[in-house]
Every structure is written in structure tokens, then in C-alpha cells.
Asks: 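Below you'll find the structure I mean.
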Protein chains: 2
Amino acid sequence: MVTAKEILDRIETGGHRPTASRRRLLDAVVARGDGFTAEELVAEVKGLGRATVYRTVRLLLKEGLLCKLSLQDGAPRYTLSQKLGHHHHLVCVGCGVVQEFSQSVIEQMLMQLSGAGAIMGHRIEVYVLCPSCQAKSESTPGHSPRTGALA
Amino acid sequence: MVTAKEILDRIETGGHRPTASRRRLLDAVVARGDGFTAEELVAEVKGLGRATVYRTVRLLLKEGLLCKLSLQDGAPRYTLSQKLGHHHHLVCVGCGVVQEFSQSVIEQMLMQLSGAGAIMGHRIEVYVLCPSCQAKSESTPGHSPRTGALA
DNA sequence: CTGGTTGCAAAGATTTTGCATTGAA
DNA sequence: TTCAATGCAAAATCTTTGCAACCAG
């Protein structure tokens with residue numbers, strides 16, 4: 001589990017200051033296990049200016065401490081990087097919980113595509129209905145998940 | 001190769017009218033092999049209102065005739081669906097050219113993830129530097145590609 | 001005719017920027 | 001002290017919506 005302090009240390013190592021604002025923002029980010037928007041952080045962490053939130057999100061992205069999720073609708077969502085290396089995401093379209101995974105099969109498959117050019121990077125997201133959301137949707141059939149996330 | 005007429009036919013089949021505006025927009029879309037933004041279409045197809053362009057893009061997305069690319073920076077980009085079925089994208093970070101591919105290995109890999117929940121969908125994009133852009137970057141070392149696309 | 005489609009402008013939503021002030025080292 | 005970081009509000013971007021006019025079937 002990544003802690004706010006670890007992230008703050010990395011920020012400091014990167015030549016940035018571990019301010020109180022950043023600590024408060026990180027506490028909020030660490031407390032969530034799902035994808036959130038910048039605006040949700042603005043609402044959640046009271047007393048911080050909107051500009052500070054957006055600037056901090058940008059900083060964390062650049063440092064690789066946050067990942068930008070490519071859901072299809074609305075504002076972009078972000079999630080904390082649990083692993084430092086390259087990884088992919090498993091997003092529940094019901095509750096928005098985000099898990100990470102890395103699968104070497106994918107990397108092998110990418111090799112097969114290298115005829116199309118030098119591979120510079122890739123982005124993989126898998127949308128699931130997690131077991132607890134499956135249970136919920138069986139008991140409440142009317143409920144519809146965040147299908148906007150689907151490709 | 002998909003033609004504007006084929007797409008217009010599909011639009012009509014879907015219960016929408018094959019108007020002159022839509023035809024002009026489609027001609028512009030078909031002429032490009034890369035990802036474009038809604039705003040680029042507004043500039044490119046003169047005489048069409050901004051609202052019409054955005055509404056048409058939304059219509060084409062809903063019908064599955066356009067794909068939304070999840071690049072990281074700026075406004076979302078769209079590209080024409082060449083295949084009708086499910087597919088993935090190969091995007092050149094140099095020139096923005098988009099190719100499609102489908103690879104059963106990925107689908108097999110997804111099966112292995114099904115322990116995490118029922119898979120509802122997925123999104124895969126691979127960023128490459130295509131052969132012609134590789135040649136260019138060797139002759140002009142100062143040039144830097146659209147690395148914003150990279151995860 | 002009739003209802004889908006369009007253009008325009010206004011409104012909405014999201015993000016960035018200028019600038020004076022504050023705060024960490 | 002010094003320069004990064006912050007807050008605020010204005011501006012910039014991108015997208016949607018209300019409404020009257022228009023057009024395909």
C-alpha cells in the first residue's frame with residue numbers, strides 16, 4: 001500500500017516542496033481506491049484553491065505517481081499508481097474501483113506488432129463488473145453500471 | 001476501404017437522414033487516415049456549424065462508425081472505424097496515422113483476468129513510430145514526436 | 001406537411017494562466 | 001532572503017443546449 005508520506009518523499013526527491021497543501025491532497029487521494037476527477041478533489045479537500053488541485057494533479061502525473069484513466073465520458077479520471085513500473089488497469093464499471101495488473105502476455109503480443117513500427121508505448125484498460133457489484137446488480141436488476149466507460 | 005457512401009447508408013439504416021451536411025463531413029473524415037479532433041473538422045469543413053459537427057461526431061460514435069482515441073493530451077481524437085467488429089488501434093506518435101488490429105492473444109489474456117470480475121469491455125491502444133516517421137526522425141534528429149500520447 | 005436537422009449564440013463544463021501574496025529552505 | 005507554491009479571478013478550451021428556420025421524405 002502506498003502512503004501519502006512515500007509520495008511526498010518522491011515529490012521532494014524530484015525537486016519539489018512537500019507543502020501542507022500537497023500533503024492534504026495526497027491524504028485524500030490515498031484514501032480512495034477508485035478513479036476520481038480533479039473536480040472531485042476540489043470538492044473533497046476544502047480550503048485548497050482549484051488551481052492548486054489542477055497543478056498538483058499535473059505534477060503527480062508527470063512524476064508517474066498518478067495514472068490518467070481513459071474512460072469515455074465526462075472529465076478524465078485519475079488513480080494512484082500502486083506499482084511504480086509499467087502496468088495496466090482493471091476498472092469496475094459499477095463502483096469505479098481500480099486494480100492494477102501487468103501481464104507479460106501482452107508484452108509478447110506487442111512484439112508481434114512491431115512490424116508496424118517502433119513501439120513507443122501502449123495503454124490497456126479492462127472494464128469489469130467486480131464480484132461485489134455483480135452481487136448488487138443481481139439483487140437490484142434496475143441498476144445500470146457506468147457503461148459510458150465501455151469502448 | 002470504407003467510403004462515405006457506405007457510412008451514409010448505415011446512417012440511413014439507423015433511421016437518420018443522409019443530409020448534405022453529413023455527406024460533406026464524412027468526405028472529410030474518410031479523406032484522413034489519422035485521428036482528428038472535433039474542432040479540426042469544424043475548421044476543415046467550412047460552412048458547417050460547430051454544433052452540427054459535434055452532433056454528427058456523437059451520432060457516428062453511437063453507431064460505432066467512429067472510434068474515440070484515448071490519447072493523453074488535449075481534446076479527444078476520433079478515427080474512422082475500418083472494421084465493423086471489435087478492434088484495437090495502432091497510433092503513430094509521429095504523424096498520427098491510425099491503423100487497426102485485432103489479436104486473439106489479447107482476448108485469451110483477458111480470460112485470465114476474469115477472476116477479477118465479469119469483463120464488460122476493454123480498450124487497447126499501442127503507440128508506435130511508423131517506418132516513415134522513423135526515417136524522418138533519423139534525418140532530422142531535433143524533431144520530437146507527440147509523446148504526450150504515451151502512458 | 002412533419003419531424004428530423006441545422007445554425008447561431010448563449011450557456012455549461014473543464015482546465016489554464018496572470019499576478020500579487022505566502023511559505024519552505 | 002529567495003524562489004517555488006498558492007489563491008483568486010479572469011481567460012481559454014472544448015462541448016452542449018435552446019430555439020427559430022430549414023429541408024428530406
Asks: For every nucleotide of nucleotides 20-25 of chain D, 5' to 3': is a protein heavy atom under 4.0 Å from its base (B), only from its sugar-phosphate (S), or from neither (-)?
Replies: ----BS
Asks: Short of 4.0 Å, heavy atom to strand atom, which residues of residues 48-65 of chain B count as contacting DNA chain C?
Replies: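 Output list: B:Leu48, B:Gly49, B:Ala51, B:Thr52, B:Arg55.
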Asks: Tell me what A:Gly47 touches on the nucleic acid: a base, only sugar-phosphate, or nothing, going by heavy atoms under 4.0 Å.
Replies: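 Counting heavy atoms under 4.0 Å across all strands, the contact made by A:Gly47 is with sugar-phosphate only.
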Asks: Classify the angle between the aromatic ring planes of A:His122 and A:His86 as parallel (below 30°), tilted (30 to 60°) or perpendicular (above 60°).
Replies: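 Perpendicular.
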Asks: Could you tell me the separation between the CZ atom of B:Arg77 and the P atom of D:dT15, rounded to a whole number of Å?
Replies: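 To the nearest whole Å, that distance equals 11 Å.
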Asks: For a 4.5 angstrom cut-off between non-hydrogen side-chain atoms, does B:Leu41 reach B:Leu48?
Replies: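 The answer is no; the side chains never approach within 4.5 Å.
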Asks: Report, as yes or no, whether the 6.0 Å neighbourhood of atom CZ on A:Arg32 holds more than 12 heavy atoms from other residues, nucleotides or ligands.
Replies: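 Correct, the count exceeds 12.
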Asks: In whole angstrom, give the distance that lies between atom CZ of B:Phe36 and atom P of D:dC14.
Replies: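 Rounded to whole Å, this separation is 16 Å.
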Asks: Are the side chains of A:His88 and A:Val126 in touch, meaning some heavy atoms are under 4.5 Å apart?
Replies: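 SC-SC contact between A:His88 and A:Val126 ruled out.
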Asks: Output yes when a side-chain donor or acceptor of B:Gln82 lies under 3.5 Å from a complementary backbone atom of B:Glu100, and no otherwise.
Replies: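 Looks like no, no N/O pair under 3.5 Å.
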Asks: What is the distance from atom CD1 of A:Ile11 to atom OG1 of A:Thr19, rounded to the nearest 0.5 Å?
Replies: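 That separation rounds to 8.0 Å.
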Asks: How many angstroms lie between atom CD of B:Glu125 and atom CG of B:Leu90, to the nearest 0.5 angstrom?
Replies: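 It comes to 10.0 Å.
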Asks: Earliest and latest nucleotide of DNA chain C, 5' to 3', sitting under 4.0 Å from a non-hydrogen atom of chain B?
Replies: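 So the contact region on DNA chain C extends C:dG3 to C:dC8.
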Asks: Hey, could you give me the OG1/CG distance between B:Thr3 and B:Leu80, rounded to the nearest 0.5 Å?
Replies: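 Between atom OG1 of B:Thr3 and atom CG of B:Leu80 there are 9.5 Å.
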Asks: How far does NE2 of B:His16 sit from CZ of B:Arg10, to the nearest 0.5 angstrom?
Replies: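 Interatomic distance, B:His16 NE2 to B:Arg10 CZ, rounded to 0.5 Å: 12.5 Å.
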Asks: Check the pair A:Val30 / A:Ile7 against side-chain contact (heavy atoms from CB on, under 4.5 Å), numbers first and verdict last.
Replies: CA-CA 10 Å; A:Val30 168; A:Ile7 302 174; 4.1 Å; yes
